[in-house]
Amino acid sequence: MELFYFVVFGALGAVVAALELSKNSKDRINTSSAFNSFKNNYLVVYSLMMAGDWLQGPYVYYLYSTYGFGKGEIGQLFIAGFGSSMLFGTIVGSLADKQGRRRACVTYCITYILSCITKHSPQYKILMVGRVLGGIATSLLFSAFESWLVAEHNKRGFEQQWLSLTFSKAIFLGNGLVAILAGLFGNVLVDSLSLGPVAPFDAAAIFLAIGMAIILSSWTENFGDPSENKDLLTQFRGAAVAIASDEKIALLGAIQSLFEGSMYTFVFLWTPALSPNDEEIPHGFIFATFMLASMLGSSLASRLMARSSPRVESYMQIVFVISSASLTLPIITNVRSNISYSLLLVL
C-alpha cells in the first residue's frame, strides 16, 4: 500500500512541478530590490502562518478520537470551531482596520498558539475552548494578513501589478507547497517518530511563534481609512442590496456556500471514512497527496483562465460533477467494507 501512495504522490508531483516551472518562466516581471525584500519577508511570514494551520488539519479528528470521544462529541467540537469562524469572520475585518492589521496578525499567532496548547488536554470543555480559539484564528488568517499586505504595498509606493505577483507566490506557497510539506512533516512526527497525534500541534505552535517574532521585529502598523469604516449593520445592509440588485451575486454566493459546505463536511468525515474500522492510516501522507492534487487543479485552472476566450461555466460543470462523484467513493468503499465484514462474521 505504501508503494501505491508513493507512486501516486510522485506522479502528481512531477506533473505539478512541470506546470509550475513552465508558468514561472513565462510570468517573470522586472521588480526592484526593495520590493523583492518586502515580498520575501511577507512570503516567509505567510508560509509560517499557513504551516501552523495546515499541520493541524489531518490530525484534529484523530486526536479527539484517541481521547475517547465519539463521532457525536467530535462533531460538536467541529461545529463550535466552524461557528466561531462564521461569527467572528463578520467583524474581524472592521476590527483589524480600526485596531491595526499588524496587531491583528499578532493576535492570530497568539490565539492559534493557545488553541494548540489546549490539544494537550483530554478534557472536553478545554478542547471546546481550543476549537473556539481556532475558529477566531482562522478568521484572522484569511483577512488580516492580506489587508496588511495591500495597505503596506501601497504605502511603500510599489507598482500595482507587482501586488499580483506577491499574491500568486503566496497562494503557491501557502495553499500549495507548504500544505504538502506540512502533511509530510506531520506524518514523520506522528508515524515515523511515534510522537503521537499531539506532536503536529506543538510543531504548529513553534512555527507560529517564529512568524510572530518576525512580524514584531520587521512589520509596521497600518490601519483602514477612517472615512470608509462602517458599522456592522450598514455593511449587512449594503450586502443585501447588492444581492437583491444582481442575481449573479446571489447565485455565486450560493455556489460558494454549497462548495464550502461540502468541504467542511469532507474535513469532518474524511478520517472516519478512510478508517471505518479504526485502521491505522498515514493521515499526513494522505493529506499531502490531497493537497498536491489540489495544487495540480489550481495549475490547470490558471491555464484555462489564461485562454483568449475561457468558458468558465463549461469546465466548472465538469469539475463539480467529478468532485461530487469522487466524494461518493469513500461511501461506496465503506459500505462494501461493512458488507464484507458482516459476511465474514456470518461465515
Side-chain angles (χ1 to χ4, degrees), residues 5 8-10 12-21 23-24 27 36 38-60 85 105-106 108-109 111-113 115-116 119 134 137-146 148-149 164-193 197 199-215 218-219 263 266-267 270 282-302:
Y5 286 142
V8 172
F9 189 84
L12 289 174
V15 174
V16 170
L19 290 173
E20 289 298 325
L21 287 174
K23 176 184 176 182
N24 291 334
D27 298 341
N36 289 333
F38 168 74
K39 177 194 69 178
N40 292 336
N41 175 275
Y42 176 79
L43 292 177
V44 169
V45 171
Y46 188 72
S47 296
L48 289 168
M49 301 299 101
M50 293 303 295
D53 185 55
W54 287 123
L55 268 168
Q56 303 176 53
Y59 295 99
V60 176
S85 181
C105 294
V106 173
Y108 161 79
C109 297
T111 305
Y112 226 174
I113 289 173
S115 176
C116 292
K119 298 300 188 292
T138 300
S139 299
L140 288 166
L141 174 61
F142 294 108
S143 58
F145 288 89
E146 292 182 355
W148 179 89
L149 171 64
S164 62
L165 180 62
T166 306
F167 274 119
S168 176
K169 294 293 184 181
I171 293 173
F172 170 75
L173 291 172
N175 292 323
L177 186 60
V178 169
I180 296 167
L181 294 177
L184 297 176
F185 184 50
N187 207 83
V188 170
L189 293 175
V190 177
D191 295 332
S192 301
L193 299 179
F201 298 92
D202 293 335
I206 294 173
F207 284 125
L208 292 168
I210 295 172
M212 182 171 65
I214 298 175
I215 292 173
S218 61
W219 286 24
M263 289 306 298
F266 169 79
V267 168
W270 81 276
H283 295 82
F285 196 81
I286 294 174
F287 174 78
T289 306
F290 171 78
M291 293 308 301
L292 185 58
S294 176
M295 193 174 177
L296 174 59
S298 297
S299 298
L300 293 174
S302 65

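Values in this document were obtained by computation on a predicted structure and should not be read as measured data.
The distance from atom CD1 of Ile171 to atom CG of Leu177, rounded to the nearest 0.5 Å, is 14.0 Å. Atom CG in Leu12 sits 11.0 Å away from atom OG in Ser294 (nearest 0.5 Å). One finds the CG atom of Asn40 at 9.5 Å from the NZ atom of Lys169 (value rounded to the nearest 0.5 Å). The distance from the CD1 atom of Ile214 to the CE atom of Met49 is 7.5 Å, given to the nearest 0.5 Å. Note: Cys105 SG to Leu140 CG = 8.0 Å, rounded to the nearest 0.5 Å. We find the CG-CG distance between Leu55 and Leu189 to be 7.5 Å, quoted to the nearest 0.5 Å.
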**Prompt:** Stepwise, does the side chain to side chain contact (heavy atoms under 4.5 Å, CB included) test hold for Leu149 with Phe167?
**Reply:** CA-CA 9 Å; Leu149 171 64; Phe167 274 119; 4.0 Å; yes
(message) Determine whether Ile210 and Ile206 satisfy the following criterion, side chain to side chain contact (heavy atoms under 4.5 Å, CB included), listing intermediate values before the conclusion.
(response) CA-CA 6 Å; Ile210 295 172; Ile206 294 173; 4.1 Å; yes
Next on the checklist: Determine whether Tyr46 and Thr166 satisfy the following criterion, side chain to side chain contact (heavy atoms under 4.5 Å, CB included), listing intermediate values before the conclusion.
Outcome noted: CA-CA 11 Å; Tyr46 188 72; Thr166 306; over 6 Å; no
Q | Verdict with supporting geometry, His283 and Val190, side chain to side chain contact (heavy atoms under 4.5 Å, CB included) | A | CA-CA 9 Å; His283 295 82; Val190 177; over 6 Å; no
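Below 30°, between 30° and 60°, or above 60°: for Trp148 and Tyr42 the angle between ring planes is below 30°, a parallel geometry. Between Phe287 and Phe290, the ring planes are tilted. Angles from 30° to 60° get that label.
Counting only heavy atoms from C-beta outward, the side chains of Val178 and Phe207 never approach each other to under 4.5 Å. Side-chain contact between Leu173 and Met50 is absent, with no heavy atoms from C-beta onward closer than 4.5 Å. When side chains are defined from C-beta on, Gln56 counts as touching Tyr112, because their heavy atoms get closer than 4.5 Å.
Under the side-chain hydrogen bond (donor to acceptor under 3.5 Å, both in side chains) criterion, no residue pair touches residues 203-214, with sequence neighbours excluded.
Around atom CZ of Phe185, no more than 12 heavy atoms belonging to other residues, nucleotides or ligands sit under 6.0 Å away.
Here the closest heavy-atom approach between residue Asn41 and residue Ser218 is recorded as ND2-OG, 3.2 Å. Shown here for Gly52 and Ala204, the closest heavy-atom pair between the two residues is O-CB, 3.2 Å.
Ser47 places a side-chain N or O within 3.5 Å of a backbone atom of Leu43 that can act as its donor or acceptor partner. Although no hydrogens or angles enter the test, the distance criterion places no donor-acceptor pair under 3.5 Å between the side chain of Asn187 and the main chain of Gly183. Under a 3.5 Å cut-off, the side chain of Thr138 and the backbone N or O of Gly134 do form a donor-acceptor pair. Looking only at distances, a side-chain donor or acceptor of Trp54 sits under 3.5 Å from a matching main-chain atom of Gly174. In this structure, Asp191 contributes its side chain and Pro282 its backbone to no donor-acceptor pair below 3.5 Å. Judged by distance alone, the side chain of Glu146 and the main-chain N or O of Phe142 form no donor-acceptor pair under 3.5 Å. No side-chain donor-acceptor contact under 3.5 Å links Tyr108 to the backbone of Leu208.
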